[in-house]
Amino acid sequence: MTAIDSDIAHDMVRWRRDLHAHPELAFCEHRTADLVAKELEEAGLVVTRGLGKTGIVATLVSGEGPAIALRADMDALPVHEANTFGHASTTQGTMHACGHDGHTSILLGAAKALARDPQLRGTVHFVFQPAEENEGGGRAMVNDGLFDRFPVQAVYGMHNWPGLPAGQFAINHGPMMAALDTFEICITGRGSHAAMPERGIDPFISVAQITLALQTIPSRTLSAMDAAVVSVTQIHGGDAWNVIPDAVTIRGTARCFDPMIQDRIEAAIRSIVRGIVDSNGATASVEYTRRYPPTVNTHSETDRAIAAARLVAGESGVQIGCRPSMASEDFAFMLQSKPGAYIWLGADGTSPSAALHNPHYDFNDETLVIGASYWVALARQELPRG
Ligand SMILES: [Zn+2]
Ligand SMILES: [Zn+2]
């Protein structure tokens, strides 16, 4: 394991718990960014603030050499924390339920450790991004000129992963996380008395048929070899026991790993909706939005990430060719701009970690040093020794 000085290891736990107690939602990470900027300025890094609103790039330059970017996310979730320990959230309804408090502390610790290394030759840009959850802070930073202002050969990301033991890593050459698309289908019929539906056009009939028919997209429109999921997650309509409303809205999400499959899912949703509402005499509008692209690692950077992870976890501690997740990640936007690799850091301790986004979740502090050691090993590997 790459050594992390004990004062930094101690500070990482302190920062992590402090951030956990003070979670901030997407694009509101002001206190978090203040903490990151203060610590890194003290360590002698050049800190640039305000990329993608609350994002930070902290730059460590050690002479001539390659440049890489290492990225962490800073935002919390609108989840009401169920934990009661000392560092539980002090902000009602907001919680670090995805471990971004841990990711921020890990990258902060790695930056401090690398700032003490006189032998690096090159540049490391430490990217602290806002708004990973839903709002695309990674895209906001890229659109704000992240890689024009801070050119790099490659960008690397990491996420803690419940279900994988602490001390292990998992990675794939290729897809790691799915694309995130959303859809909203507004079905309009003609409202009527619930006792006399023949006098109207009941939108709920179309809602029920569409909800079921959407499941034929993964099972019958796409090949069994094409991983995809289509989920209806909201149905809104109606206010009374005895009134059939004019209109009902269906919302949901689709996930897959291939832009061509995204196109086929969108086309299939439109065709199913059109056919069903036509047959029922209703009308519908469909809004299909591509929110996050798939997170796809590039081959050679994956090899580099594996080599660095093996320095920390050993040959057997790095799972290669892991099954990708149908969840999504806005690091995808950085991988659309630069080659790079995204790795999972095992999160399970003596007892399994609660799931990500669960109100009982807490980042496993045992993994802070392991995560920081990976960043340090990767930077040392990529930046030739002086
Ligand atoms: Zn999350
Ligand atoms: Zn996350």
Side-chain angles (χ1 to χ4, degrees), residues 15-16 19-20 22-29 32-33 36 52 54-55 70-83 89 91 93-108 127-141 155-164 166 169-172 175-182 229 231 233 253 255 291-295 297 322 324-335 340-348 353-365 367-368 370-371 374-375:
W15 298 325
R16 210 287 295 176
L19 293 173
H20 192 93
H22 300 96
E24 294 172 304
L25 294 175
F27 294 124
C28 299
E29 306 90 341
T32 309
V36 168
T54 41
L70 309 179
R71 167 274 200 180
D73 38 17
M74 300 191 289
D75 57 315
L77 281 157
V79 170
H80 187 77
E81 180 152 11
N83 298 310
S89 173
T91 308
T94 304
M95 175 190 175
H96 270 296
C98 202
H100 300 183
D101 48 349
H103 304 162
T104 300
S105 304
I106 286 172
L107 191 58
L108 205 44
V127 178
F128 293 86
Q129 76 147 77
E132 191 285 320
E133 304 285 359
N134 295 308
E135 302 305 326
R139 174 178 46 210
M141 286 191 89
V155 61
Y156 294 90
M158 176 167 55
H159 205 292
N160 79 96
W161 207 247
L164 185 68
F169 293 88
I171 191 166
N172 236 335
M176 284 292 286
M177 309 285 282
L180 157 58
D181 297 346
T182 58
V229 61
S231 293
T233 55
T253 179
R255 312 289 174 117
R291 288 198 170 203
Y292 290 2
T295 301
N297 288 342
C322 62
S325 167
M326 296 310 293
S328 308
E329 165 58 76
D330 81 345
F331 185 65
F333 291 107
M334 297 189 187
L335 287 178
Y342 177 82
I343 198 166
W344 289 334
L345 169 74
D348 286 355
S353 167
L356 299 174
H357 295 200
N358 180 287
H360 294 279
Y361 172 86
D362 188 36
F363 185 88
N364 181 354
D365 285 337
T367 67
L368 290 166
I370 301 164
Y374 166 72
W375 286 139

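Both ligands and their constituent atoms are indexed starting at 1 by order of listing. On a predicted model such as this, the values are computed, not experimentally measured, just so you know.
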Point to revise | Check: Tyr156 and Arg71 side chains under 4.5 Å, non-hydrogen atoms | key: no
Study note, to complete from the structure: In this structure, the Zn ion (ligand 2) sits at the vertex of an angle between NE2 of His100 and NE2 of His159 that rounds to 10° as 120°
Check your understanding: So, Cys98 and the Zn ion (ligand 2): N/O/S under 2.8 Å, yes or no?
Key -> yes
Review point. Is the backbone of Leu345 close enough, under 3.5 Å, to the side chain of Asn160 for a donor and an acceptor to pair up by distance?
Key: no
Review point. Is the Zn ion (ligand 1) less than 2.8 Å from at least one N/O/S atom of Glu133?
Key: yes
Review point. Taking the inter-plane angle between the rings of Trp344 and Trp161 on a 0 to 90° scale, is it parallel (under 30°), tilted (30 to 60°) or perpendicular (over 60°)?
Key: parallel
Practice item. In plain terms, say whether Arg139 and Glu329 are close enough for a salt bridge, that is, a side-chain N and a carboxylate O under 4.0 Å apart. Key: no
